[in-house]
Amino acid sequence: MLNKLLPKTPLGFAITAATVLLSVSPEARQFTRKMAVKGIGAVLGAADGIKELTAGARSQMAGLVAEARSEEPKEVSPLTFDMDLEPEPFFESAQDQPLPFNVMSDQSIQEKMQNPNPHH
């Protein structure tokens, strides 16, 4: 029966030893209390620091939002599609007329290779 109550791991030994020490020694209890108070004070101090940082970030964000709202909105023309416009013609050959988009055909590449500096 005693084997079931005794700890079998190093952590169990440590917890048992600390419990016995704290229950027997008033100095150990006093020391543990001081350390607990200091630890809780450190945690509260860190929490206050985080609160100050977030408050500063919120005030900066509020300033940015206010500045953005105070600026006059720029006029942006809406995108429209005019149904009455005729489509642009598509040219089958580049010899008759230039293509409506920027495409280099074999012929234009050969011309550029023969005459690298054309005079426009």
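All figures in this text were calculated on a predicted structure; none of them were measured in a lab.
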Heavy-atom closest pair, residues T32 and A28: OG1-O, 2.7 Å
Let me confirm one number: the [atom1]-[atom2] distance from [X] to [Y], rounded to the nearest 0.5 Å.
X	Y	atom1	atom2	value
K38	R33	NZ	CZ	13.5 Å
L64	R69	CG	CZ	12.0 Å
M35	Q30	CE	CD	11.0 Å
R29	L21	CZ	CG	9.5 Å

Expected output: side-chain S25 to main-chain L22 donor-acceptor under 3.5 Å: no
